[in-house]
Amino acid sequence: MKRAKEERPEMKKIGFIGTGSLGSMLIRGFVRNGVIGPENINVINRSPEKPLRLKEEGFSLRIYSNYRELINDSEIIFICVKPNDLPQVLERTGRVFPQTKLVVSTLLAPSLSDLEQIIDGKLIRIYPSVTQSTGRGVTIVTWGQAIGNQDRTVFLPYLNALGKYYVLPENLYRAAGDITSCGPAFMAAMVGALAEEGIKHGISPEIAGEMAVETMLGTALLLLERKLTFSELISQVATPGGCTAEGLKILEKSLPGIMDEIYEATCNRQEAVSESVRKALSH
Ligand SMILES: NC(=O)C1=CN([C@@H]2O[C@H](COP(=O)(O)OP(=O)(O)OC[C@H]3O[C@@H](n4cnc5c(N)ncnc54)[C@H](OP(=O)(O)O)[C@@H]3O)[C@@H](O)[C@H]2O)C=CC1
Ligand SMILES: O=C(O)[C@@H]1CCC=N1
């Protein structure tokens with residue numbers, strides 16, 4: 001009996017507060033990978049459009065307007081609102097969550113250690129990525145102090161359903177999150193710029209886009225399936241004396257500096273958002 005329960009995490013009712021990009025991604029990823037049954041999704045969102053869009057996609061959500069009811073009816077609650085909306089959510093949920101529930105923050109800020117000063121409950125922090133609705137991508141996870149082995153066992157199927165996961169301390173969230181969570185946007189911007197250059201020189205936008213995406217996919221598969229390192233792949237492409245090597249010289253000059261600037265900018269933003277939420281929650 002116990003074994004059957006462990007094998008069927010989809011029997012649990014799961015609540016989502018916020019069904020924007022990330023909340024929707026989690027719902028799609030969990031259902032696609034069979035860890036949530038279609039009848040077991042409880043949601044609450046500020047405005048009705050996004051849950052209705054998910055319903056149109058075929059998800060049979062139970063849509064709530066009362067936060068305490070959603071919490072009572074859910075065994076795991078994912079909070080997927082923007083950091084500045086957290087104070088309003090906590091006004092409605094209260095700050096004490098039953099010890100029988102897992103409360104999962106997906107927020108850029110506050111950190112889990114800050115959240116543990118504010119919320120009484122079994123807390124987990126995850127930092128996922130929109131790519132995970134495809135079953136591929138990376139979640140970063142940190143267990144809260146109240147989380148025990150049994151809680152981890154309950155939660156692991158959900159992490160596994162989203163692709164790979166890494167348990168990391170919070171001081172590495174920015175370095176890791178720039179790769180895994182902001183990464184899809186950064187990679188799309190870079191690949192899009194490659195396509196844009198082709199468009200500038202006469203290739204149709206549709207064809208340039210397809211070329212870029214197919215090449216990105218093939219590059220990922222080479223790295224993954226043939227287990228090439230980045231520099232091995234680069235040297236397979238860059239024929240000595242050829243044109244790739246010339247292009248690479250330009251990237252090598254500029255990219256490390258740009259990446260340092262990006263890291264500094266994302267750290268500064270995370271700190272500013274943390275500070276603003278900290279202030280709002282102390283009122
Ligand atoms: N997008 C990503 O790739 C990642 C996002 N995150 C984090 O996930 C969180 C959500 O991000 P994302 O999904 O991109 O943001 P979105 O703006 O797409 O979604 C936020 C959702 O929260 C809803 N919302 C706002 N206030 C409330 C409230 N009081 N009660 C219920 N729902 C509410 C909004 O409703 P409405 O429809 O009215 O706007 C909206 O649907 C953020 O904290 C972000 O840092 C983390 C990793 C990756
Ligand atoms: O841009 C953001 O703040 C969120 C967190 C990582 C991806 N999206």
Side-chain angles (χ1 to χ4, degrees), residues 15-29 41-57 59 61-71 74 77-95 103-112 114-115 119 123-134 136-142 159 162-166 168 170 172-189 262-263 265-278 280-281:
F16 296 87
I17 301 179
T19 55
S21 296
L22 196 81
S24 301
M25 179 287 288
L26 290 175
I27 292 170
R28 292 190 191 102
I41 310 166
N42 301 331
V43 307
I44 196 161
N45 193 65
R46 184 173 48 198
S47 44
E49 290 80 15
K50 289 168 191 164
L52 290 178
R53 222 175 290 150
L54 282 166
K55 275 203 153 182
E56 280 164 20
E57 277 181 44
F59 297 105
L61 315 173
R62 179 153 180 216
I63 301 175
Y64 287 72
S65 54
N66 182 307
Y67 290 73
R68 295 304 309 179
E69 277 177 18
L70 175 130
I71 291 165
S74 310
I77 300 116
F78 287 86
I79 304 180
C80 310
V81 300
K82 286 195 275 206
N84 285 327
D85 292 320
L86 182 66
Q88 193 193 41
V89 168
L90 294 183
E91 256 171 43
R92 293 170 183 184
T93 58
R95 296 188 182 195
V103 180
V104 186
S105 166
T106 65
L107 276 59
L108 168 70
S111 65
L112 185 60
D114 280 353
L115 216 47
I119 294 178
L123 300 179
I124 299 171
R125 183 180 181 195
I126 63 169
Y127 203 47
S129 140
V130 286
T131 64
Q132 290 170 295
S133 55
T134 70
R136 300 307 297 246
V138 173
T139 307
I140 304 163
V141 56
T142 307
L159 287 174
L162 296 176
K164 283 187 184 293
Y165 71 89
Y166 296 91
L168 289 182
E170 290 200 286
L172 293 179
Y173 261 57
R174 209 48 282 133
D178 280 3
I179 304 172
T180 60
S181 296
C182 306
F186 296 159
M187 290 177 201
I262 288 177
Y263 179 71
T266 62
C267 285
N268 289 343
R269 183 64 192 153
Q270 177 171 301
E271 191 39 49
V273 174
S274 299
E275 190 48 36
S276 128
V277 179
R278 218 175 283 141
L281 285 169

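Starting from 1, each residue takes its place in the sequence as its number. As the structure lists them, so they are numbered: ligands from 1, and atoms in each ligand from 1. The figures that follow rest on heavy atoms only: side chains count, while hydrogens, waters and symmetry mates do not.
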Do any N or O atoms from the side chain of Asn45 and from the backbone of Pro48 form a donor-acceptor pair under 3.5 angstrom?
no
Without hydrogens or angle criteria, can the side chains of Tyr173 and Ser111 be said to hold a donor-acceptor pair below 3.5 Å?
no
List by chain and number: which residues place a heavy atom under 4.0 Å from ligand 1?
Ile17, Gly18, Thr19, Gly20, Ser21, Leu22, Ile44, Asn45, Arg46, Ser47, Lys50, Tyr67, Cys80, Val81, Lys82, Pro83, Asp85, Gln88, Val89, Thr106, Leu107, Leu108, Tyr127, Pro128, Val130
Side chains of Tyr64 and Arg62: donor-acceptor distance under 3.5 Å anywhere?
yes
Would you please name every residue forming a side chain to side chain donor-acceptor pair (under 3.5 Å) with Asp114, sequence neighbours left out?
Arg278
Please list, one pair per line, the donor and acceptor atoms closer than 3.5 Å that link side chains of residues 177-186 to other protein atoms, with sequence neighbours excluded.
residue : atom : partner : partner atom : Å
Asp178  : OD1  : Arg174  : NE           : 3.1
Asp178  : OD1  : Arg174  : NH2          : 3.0
Asp178  : OD1  : Thr266  : OG1          : 3.1
Asp178  : OD2  : Thr266  : OG1          : 2.9
Thr180  : OG1  : Ala176  : O            : 3.1
Ser181  : OG   : Pro128  : O            : 2.5

Once you round to the nearest 0.5 Å, how far does CD1 of Ile126 lie from CD1 of Ile124?
8.5 Å
Worked check of side chain to side chain contact (heavy atoms under 4.5 Å, CB included) between Asn42 and Leu61:
CA-CA 6 Å; Asn42 301 331; Leu61 315 173; over 6 Å; no
Listing by chain and number, which residues have a heavy atom under 4.0 Å from ligand 2?
Leu108, Tyr127, Ser181
Walk me through whether Val273 and Leu107 qualify under side chain to side chain contact (heavy atoms under 4.5 Å, CB included).
CA-CA 10 Å; Val273 174; Leu107 276 59; over 6 Å; no
N/O donor-acceptor pair under 3.5 Å between Ser274 side chain and Gln270 backbone
yes
